[in-house]
Each structure stands twice: as structure tokens, then as C-alpha cells.
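Written out below as C-alpha cells is the structure these notes cover.
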Amino acid sequence: MVEALALNQGRQTKAEASAKAAGMDTVSGNSGLQIEEALIFEQCSGERSGVDLPQAPEIQNHLGTLERTETLGLPGLSEPQVVRHYTRLSQKNYAIDTGFYPLGSCTMKHNPRLNEKMARLQGLGDLHPLQPVETVQGALELIDCLADWLKKLTGMPAVAMTPAAGAHGELCGMMAIRAALKHQGQGDRRRVLVPESAHGTNPATAAACGFTIDTIPVDSRGRVDVSGFKTKLGGDVAAIMVTNPNTCGLFESEIVDVADALHKIGGYFYCDGANYNAIAGRVRPADLGVDAMHINLHKTFSTPHGGGGPGGGPVVLAESLAPYAPTPWIVCDTEGRFKLLEHLEGATKHSIGRLRSFHGQMGVFIRSLAYMLSHGADGIRQASEDAVLNANYLLARLQEELTAPFDGPCMHEALFDDRFLKDSGVTTLDFAKALIDEGFHPMTMYFPLVVHGAMLMEPTESESKAALDQFCDVVIALAQKAKRGEADYFAQCPQHTPRRRLDETQAARKPKLRWQKEL
Ligand SMILES: *Cc1c(COP(=O)(O)O)cnc(C)c1O
């Protein structure tokens, strides 16, 4: 008891110190019902345990000098302590289930609960990836059915289902392009064209595949500068990587011209399909001349994401790239039985091989297919239209006080720059921090790089007009506050969070990844 009290006091002093640092003036360091949460290792003593374990039997040591000499150092807590710790941590997480999440280029849309129910169905929830194929025919059929929807929606003849996320899909597509070029004796084509507005994963992927990156400019309309692009064409060009709608939230209106010119010189068109939510059911990428495109299932088809996964990044492929798709391939024989082609022989002899273990992200596949089937083709089309409508509503309302870099309507996300903050002493970062105090997750900041102090907002189709108005009211009021010269207020934000502004450079350069006992 005395020991527990002492521990508690020790913790409070530490909490108090960090609370002071965070500008909180309560004795405990807690704020309202938000509790200062110490690390689990700091909440306990290693000698205690929440469970009664029997005395370990005498065992003969076969580890020689590798035997552990110190205690393991695991935290010892009771069940209620553990439950509270993890529940509190989960409450510190801002999520699409707790509030509006206007993070541009991320498509944070509602995750229907029906999807979750389907993923937990017996026979799906308890599948094991090593089960014999005869026992998982339904699961393979489900993947095949999802593949079929993706092919129909995009108009493409083939799809590689295994990539685990968008960036992984890019890797898949660029490896297929590299393999196709090599097979045609064109392996010395090394140059990949990437617009300067591209997501960082595009040039990173091309570089990882051994290509060199040649940047193409964006014009004053926020789109690929077509004449600039044409001057870059030559016999050493392997591919172009274009996002459409692009990262400025705009449709690349001259994309068919771009694709034609590229195909004429023997290059491939890789489309980054992360923004497919704006056009699904309305535009078929095949009709735009796309040769390969990943689809972020976790964005467009509503599966949960954030915090690094899990996601799904199937890649639809043109006829010319289909032979290079990664294994395993799911095929259906004449009797309607599904099997997996896993070896590089016969139909799969040109495949780039495996990109990951097993057959793909099954839980994400189930949720995506549930989303598609529950919406139907007309519902998917309406979701795209409503996403675009909502973004244009934000653009129209916020243009009263904010400044938009490009004229005309947008697709699924509205982009602003920081001209409206000129001479106010307030930066895009300050503005985002002030939004946190107002209870809103900030928009995407400083991306795309082609726009100064960018603020990229994506409302998605699942937000109501009331939710959008609440957000707009706050953003407009903050913009007016900034223009009134209240820079000091913004410099103090956020004031109501458990932590204020972090030294993000230090956190990135010298992350503390392991807890170490203070001696
Ligand atoms: C999200 C995104 C990616 C990367 O996708 P992940 O699934 O996060 O790997 C690539 N490009 C664009 C434009 C994106 O928005």
C-alpha cells in the first residue's frame, strides 16, 4: 500500500511536470476527464502480476550462455488497470468514427457497420491462409467476384489482387512495366515522367524499381503541362505516372492526349488511382488509355485505415501487362472449381512472382465487396457524385474567406493556398493547430507542393450538409480571426490537447522507440 502510494506520487509529480509543460494547471495533470496516461511500464512494478501462475518446474537449461540472467521486465498490472490503460489510449485516438476528418488525398469515408458484420461471418472470420484450397472455395470465389467488380468498374481486363496498399500497388504496376519492357527487349528504357504535383510514393516507387525520375511541370490550371510533357518524350521513356483526379483535386482534362502521345513512343501509362473515389462508376480508366492503376480499397471502398494499415491496393492491368501480374493467380476451371496458380510456369511463366505472403488482404476484400454489393453500381456512382458535390460545397463556401489557387470547380477535394494569410503572421501550420482546438482534425497541409502553404480538404460523400456547415463556420471564423491580427492566439494553439506543439524534427530524427528504465 505504502509502496503503491509512493509510486502514485512519483507518477503524479512526473505527470504534473508534463502537464505544466503542456500548459495545464491541474494538480494531477489530468484535464477534465482526460487522464494523463503514463506508459504501461511506468504504471507498475515488475514484481507484481495480474495472474497467479504456478511455480515453474525445474527445467534443464539447453541455452548455454544465452540463458537470461535478469528478469524479463514485463509490466505487472491487474486486469482493471490493463483495461483502463488501453481503453484510455483508444480514446486519445481521433477517428472517422468520432468526428469529421477532412484529410485531403486520404479519402477518410465512413466505414459501414454492415461491412464489419460480413467480415466476422463464420467461415470468413475464421479462415486460415494455409487451409487447403478445396476448403476455401467460397473465399476464393469472393476474391474473384471482387476482382470482377474492379475490372468492370475500370474497364480493364485483368487485376492483380495481392498488393497490400496503394504504394505496394505502385510497386506491382511498375515492376510489371519493367518486366514487360525487358521482355520486349526495351529494358534500356529507364526514364519515368512524374508531374511535380505527384504524391511522394510515385517517384519513390519508380526509383525503387531502378528508373530515373524526370519531373514534368504543372500548368497554371493545376494540370499536367501538356506541351512541357511532350518535350520530354523520347525512346528512353518507360512510363508516365499520373494521378487522376490529380492531387490538386482536379480532373486531368487532357489525359487522353497524354496517353496517346505516350503510347506512340512505346511508353506505359501508370495511373495512381488513389483518387478514384471521385470518378468510380462515372469514368472507366481503360477509356483514358490507362495501362495499370492501383485502387486503394481502404479509400474508395470504405475499409478502415490510418495508422499504417491494413489496406488493399489491387492493380488493374491492360492486356499488355496482364501476363506479368504477380502470383498467385486465382483461376476457375471448367467445372467451376477455383485454384491458385503459384509457380512461374505455363500461363504464369512471365509473372513477376510473389509480392507478399498468401493471397492478399482478405479482411479488406470482404469489406470492399460488402460495400460494393450493398451500394450497387448506381450507388457507387452516386457516392462519387456526392463526394464531388460536397467538395464543391466546401470550395464555394470557403472561398468567401480563403484563397483557392486554381479557377473553376474541383473534383472530390478542395485546395486552398495561404494567400489569405498574407501579412497576418499566421501560417498554414498555425491554422491547422487552431482547428484541433475547435474539435476538427486538420486538413492535409503543405501538400501538394506546387501550391504555397497548401490546405487540401476532402469531405467525402458521407458527410451531411450540417457537418460541412459546422466545419465551414469554424474555418471562416478562424480566417477572420487571423485577418484581424490575432497571430498570438494562433501561435498558442493547440491549447486543449494533452500535448501542445511537439518538436517534430527531434521526434523524427531521434525517435524513442523503446522504453528504458530510468536508473
Ligand atoms: C494515399 C495515396 C497513395 C498511397 O497509398 P497508400 O495506400 O497509403 O500506400 C498514393 N498516391 C496518392 C495520390 C494517395 O493519395
Side-chain angles (χ1 to χ4, degrees), residues 96 101-109 111 150 160-175 192 194-209 213 215 218 222-224 239-252 255 269-280 285 290 292-316 355-356 360-361 363-365 367-368 384 387 391 410-415 441 443-451 454-460:
I96 191 68
Y101 216 124
L103 205 55
S105 208
C106 281
T107 310
M108 300 296 286
K109 64 205 263 181
N111 310 133
L150 294 174
M161 293 300 288
T162 59
H168 202 205
E170 291 175 37
L171 184 68
C172 170
M174 293 310 285
M175 284 174 73
V192 169
V194 181
E196 53 183 338
S197 58
H199 193 270
T201 50
N202 295 180
T205 300
C209 290
I213 320 303
T215 308
V218 164
R223 285 141 174 118
V224 169
I240 189 172
M241 295 182 87
V242 178
T243 311
N244 198 15
N246 68 24
T247 57
C248 299
L250 304 170
F251 193 79
E252 291 286 354
I255 200 67
F269 176 8
Y270 185 90
C271 183
D272 179 331
N275 292 337
Y276 190 49
N277 197 47
I279 57 170
V290 168
M293 180 182 96
H294 72 259
I295 294 168
N296 306 58
L297 295 178
H298 46 290
K299 293 179 179 170
T300 306
F301 297 108
S302 83
T303 69
H305 65 120
V315 181
V316 288
L355 277 181
R356 52 158 295 151
Q361 303 276 57
V364 172
F365 292 161
R367 289 171 176 85
S368 300
S384 303
C410 60
M411 294 298 287
H412 62 310
E413 46 196 0
L415 178 60
H441 191 286
M443 62 279 154
T444 290
M445 298 179 292
Y446 300 107
F447 177 82
L449 304 176
V450 288
V451 166
M455 302 185 188
L456 184 62
M457 306 177 187
E458 181 177 355
T460 81

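In this chain, residues are counted from 1 in sequence order. When a ligand or atom number is given, it counts from 1 through the structure's own listing order.
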for atom 9 (O) of ligand 1, nearest protein heavy atom and its distance come out as A167 N, 2.8 Å
Closest heavy-atom pair, M241 versus A206, reported as atoms and distance to 0.1 Å, is SD-CB, 4.2 Å
To check your reading of the model: name the closest protein heavy atom to atom 5 (O) of ligand 1, its residue, and the distance in Å. N296 ND2, 3.0 Å
Can you tell me how far the CG atom of L103 sits from the OG1 atom of T460, to the nearest 0.5 Å? 11.5 Å
Kindly compute the distance separating NE2 (H168) from OG1 (T205), expressed to the nearest 0.5 Å. 10.0 Å
Identity and distance of the protein heavy atom lying nearest atom 8 (O) of ligand 1: H298 NE2, 4.4 Å
Pairs of nitrogen or oxygen atoms closer than 3.5 Å, one from T247 and one from ligand 1: do any exist? no
Quick one: does ligand 1 sit under 4.0 Å from the side chain of H168, the backbone, both or neither, non-hydrogen atoms only? neither
List every atom of ligand 1 that sits less than 4.0 Å from any heavy atom of T201, numbering the atoms from 1 in the order shown and giving each element. 10 (C), 11 (N)
Report yes if A274 has an N/O atom closer than 3.5 Å to an N/O atom of ligand 1; otherwise report no. no
Return yes or no for this condition: an N or O of T243 is under 3.5 Å from an N or O of ligand 1. no
Drop me the distance from C248's SG to M411's CE, to the nearest 0.5 angstrom. 13.5 Å
Polar-atom distance check: K299 versus ligand 1, any N or O pair below 3.5 Å? yes
For H298 and H305, take the angle between the two ring planes, folded into 0 to 90°, and tell me which bin it lands in: parallel under 30, tilted 30 to 60, perpendicular over 60. perpendicular
Using modelled atom types only, decide if a donor and an acceptor are shared between the side chain of R223 and the backbone of F251 within a distance under 3.5 Å. yes
among protein heavy atoms, the one nearest atom 11 (N) of ligand 1 is D272 OD2, 2.6 Å
Do you see a donor-acceptor pair shorter than 3.5 Å between the side chains of N244 and E252? no
Using a 4.0 Å heavy-atom threshold (strictly under), name the region of E170 that reaches ligand 1: side chain, backbone, both or neither. side chain
Identify, for atom 6 (P) of ligand 1, the protein heavy atom at the shortest distance, and state residue, atom and that distance. G166 N, 3.4 Å
Distance, nearest 0.5 Å, that separates OG1 of T247 from CZ of F447: 4.5 Å
Backbone or side chain, does any N or O of C106 fall under 3.5 Å from an N or O of ligand 1? no
Counting heavy atoms under 4.0 Å, the part of S105 that contacts ligand 1 is both
For K299 and N277, does a side-chain donor sit closer than 3.5 Å to a side-chain acceptor? no
